[in-house]
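Lettering follows sequence order; numbering is per chain, from 1. Since the structure is predicted, the reported quantities are computational estimates derived from the model, not experimental observations.
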Amino acid sequence: MQKLEYPEEIEEEIETEQEELRIESTIYEAESPKNLKTSLLLSVTYSGKHGKALVKLYNPEDGKIYYWYDNTGHKPYFYTDLSEEELRKNPSITLHPGFLGFDIVELYHPILDKKIKLTKIIAKDPLSVGGQKNSLREYLKNKWEANIKYHSSYIFDLGLIPGAPYKIIDGELLRDFKEVKFSEIEELYKYEDPEYLQAVKEWINILNQPIYPIKHVAIDIEVEMESPTLLPSPKKAASKVIAVACVGSDGLKKVFILRRNVDMGTKSPELNGVDIEVVDDEVSLLQKVFSIISSYAIVFTFNGDNFDLPYLYNRAIKLGIPKEKIPIALGKEIALVLPGVHVDLYKFFHNKVIQIYAFARKYDETDLNSIAKALLGVEKKVLKDFINLVPLYELALYCYNDAWITYNLVNFNNKLILNLIIILMRITKLPIEDVTRIGVSNWIKSIVAFKLRSRNELILNKEEIFATKGTLSTTAIIKGKKYQGAKVIDPIPGIHFGVVVVDFASLYPSIIKVWNISYETIDCIHEECKSNKLPGISHWVCKKRRGILSILIGSLRDLRVGFYKVKSKDPNLDQQTRFQYDVIQSSMKVILNAAYGVLGAETSDLYSPAAAESITAIGRYNIDKTIEIAQSLNLEILYGDTDSLFIKQPQKDVLQKFVEMVEKELKIDIDVDKIYKYVVFSQRKKNYFGVTQNGTVDIKGLLGKKKHIPEFVKKTFYNIVEMLKEVNKPEDFVKAKEKIKNLTYEQYKLLKTGRISLSELAIKVTMNKNIEDYSKTTPQHVKAAMQLKYFGVEVKAGQSVAYVKVRTQEGVKPVQLARLDEIDMTKYVEMMKSSLEQLLEPAEIEFESILGSNNLGLFM
DNA sequence: GCGGACTGCTTACCT
DNA sequence: ACAGGTAAGCAGTCCGCG
């Protein structure tokens, strides 16, 4: 299939610097009742029309969205250190049309460790605080909390928990929480300080609330194309919308097709049960779609922010539909719907931490097809012809299938995604639109800011944190990195039977808790804390005050490990509860795993290099101490990486003693993670394989598992792995050896005689940049991409190039352009060798000997 | 003019 | 737009070489 190009955007983008989308339409406004029963808080936004914060609630009883407008008189604001008197002299402030007034406040400054006096500047609307050239914040140098979005500020000040149940009584918005019993928790954490216990209780209180099913719909649209290679531009919306599919949680299965001068074609049985409506004119088609969009609480799309919804909106405008009759509001890079909410699954799945920690890297490209293949085991349909010419029933099927996939991404595995989103909202205090669109550093920022506001503490500026926490005392091993990271212990090469792996359960979060690491406690201001040095570095940590991250991250860690993980496997609980607990513990995992990284990320608002390098330094200290203890008990350490140690054939009681000693010394839990029948190490770090007691094989870092290795090498690699599974004792290797040799030889023969197809020889490598951005060198995959571009197919950043090695000057060719007879065999034999050797070497098989031992004449 | 030693770039992995 | 550490393969450079 021909690759598509993106349209050139000719017009200047109209930069709507607006932080809050002003939704002016009244047609699609939801009711705002005086009383409302148990409803989930889905979103908070600012209503320009009412000049108030707007809370969107979902009532599971009737499946409808309800609005609640602020009745507390809450206004946007920020702080400055200028006195009111000084400010009065500044007409840009006092005469600003959005200026409302001043207030003098006292707030606790976490780094100065004292209360400071600030002037609160109150504004009429969010845009007057920030977002425009002449917003109030632009006229002041020293300012705090001026970049917080108004809806977040509102959530923080009212202590709202997005994703949690609320009710309205006599116009008042109230928590509608089920009572949670804390006796068990109080027992579990009785040695912790009261502040910490309080944090634990608050987490449980919000996380254990029921999650109600939410009425939702998945939508996908198809658009006619101007040319076969140019993707339609949503901004221009020049071509017709020819199909729209909707799949709803209420059983809706609907496809609207625009009647055009194209064959109906034949209706596939896959469309049985799907209501296909052929609509005569585009305007009615759009109106019907709008009516569906506005009747569901959540609209899910895949890339709807950047394509489907702006296209529908702009097309509707173009066809003369008045904008107040369109239930869509467009922002800079976001599209919202009315009266409910829109979630763009592309953005959610694109989030790196979701990809890595929630889905364990099951998908590595974030297009719909890759994700569907990895998570649902299904693929997108392929159009057999240019979309403009495809028979209508076929188009209907294609469109329906995409909406169906989108719907199932939300609903597979017991609505996992929907549950995950709700739990993440509760943890991060972000509205559904934000939590599904922004990255983890902003999640954590929101968690922290919510807590700070509740404690009447100032939310510090990035620069302020960096000014005192920016010093580094270590040097990174890798050039270009800022500070030293984890320690990896050289493995002892060979085959080792009976290996026990112990590891620290979430090491870095534990360190943050136990050592009181936080951006404000590291290198704190107190003279008397300076002696409280951390091991191996020149930083010290506060003795007087518990750090906010120590509390937040520590409590999340403890609850995950000690409560939710345990409860998710508790057979005494019903399945639904266990499932919710499992969702909670995986949501926590996502956040915990990223917490340390956020401190070390320059782009993060909590960037605190001193804290980040202290965490890794303590990590190294921990592993060193643990090795010392192991040695004192005569345990043999085979390998270790960051937070784990591989111990050879430890005696049960010695291991027990070891665990006790480590926990006593370091105050951090260490557990047996797994037991291997045998593990095979080379001299390489991060590179081994092992067979566990139940026969599963772990392969770490070996070449054969890397995704760019050609399929045919991979197949052979995994066939050998299967053979190694059978090995239970040292003697078994001898038997496996013959089988492995034969297999390898057979594959080699196939390769040499040209019987491996081009696609199995393909090397697939991701382009992390666009072609023109490779300025320093031109790697092979880029060479291949350049050849493809010459043929009119452009590979963009994020996509992968498939190429083969050939005997030409360039050395490579994209698979599409290559012939089998020009393949450079020697390169493929080399690849086979390097990949397979990592398995053969330990079995004492020489790759070369396999090739040489048989029928030499065959290949010349 | 060419090959080996070296450094640097790039990707994909591990924790 | 969370971190650093490691392996592998290739690109590019420098140096020596009658």
* Heavy-atom protein contacts under 4.0 Å, nucleotides 10-15 of chain B, coded B base, S sugar-phosphate only, - none -> SSBSBB

Scan [X] against the nucleic acid and name what it touches under 4.0 Å (heavy atoms): base, sugar-phosphate only, or nothing.
X	value
A:Gly600	sugar-phosphate
A:Lys805	sugar-phosphate
A:Lys487	nothing
A:Lys827	nothing
A:Gln484	sugar-phosphate
A:Tyr508	nothing
A:Ser834	sugar-phosphate
A:Ile477	sugar-phosphate
A:Gln838	sugar-phosphate
A:Ala612	nothing

* Would you kindly check if the NZ (Lys) or CZ (Arg) of A:Lys769 is within the cone defined by 45 degrees around the ring axis of A:Tyr774 and under 6.0 Å from the six-membered ring centre? =>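 Yes; both conditions hold, so A:Lys769 lies above the ring face of A:Tyr774.
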
* Asked: Should the pair A:Lys469 and A:Tyr519 be classed as cation-pi, given the thresholds of under 6.0 Å to the six-membered ring centre and 45° from the axis?
  -> no

* Asked: If you find the nucleotide of DNA chain C closest to A:Gln780 and the one closest to A:Ser604, which residue's nucleotide is nearer the 5' end?
  ->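 The residue closer to the strand's 5' end, by nearest nucleotide, is A:Ser604.
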
* Side chains of A:Tyr676 and A:Asp698: is there a donor and an acceptor less than 3.5 Å apart? ->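 A:Tyr676 vs A:Asp698: donor-acceptor pair found between side chains.
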
* Short side-chain donor-acceptor distance under 3.5 Å, A:Asp824 and A:Thr826 -> yes

* According to the salt bridge (Lys or Arg N to Asp or Glu O under 4.0 Å) rule, which pairs have a member within residues 501-515 of chain A, sequence neighbours left out? ->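 Residue pairs with at least one partner in residues 501-515 of chain A: A:Glu192-A:Lys513, A:Lys513-A:Asp558.
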
* Asked: side-chain contact (heavy atoms from CB on, under 4.5 Å) with A:Ile492: which residues, sequence neighbours excluded?
  ->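 Scan of A:Ile492 (side-chain contact (heavy atoms from CB on, under 4.5 Å), adjacent residues dropped) gives A:His496, A:Glu636, A:Leu638.
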
* Asked: How would you list, by chain and number, every residue that makes a side-chain contact (heavy atoms from CB on, under 4.5 Å) with A:Leu472, sequence neighbours excluded?
  -> A:Lys482, A:Tyr483, A:Pro609, A:Glu613

* **First and last nucleotide of DNA chain C, 5' to 3', lying under 4.0 Å from heavy atoms of chain A** => C:dA1 to C:dG12

* Tell me, please, which residues at least two apart from A:Glu722 pass salt bridge (charged side-chain N to carboxylate O under 4.0 Å, His left out). => A:Lys725

* **Ring centre gap for A:Phe646 and A:Phe681 strictly below 6.0 Å** => yes

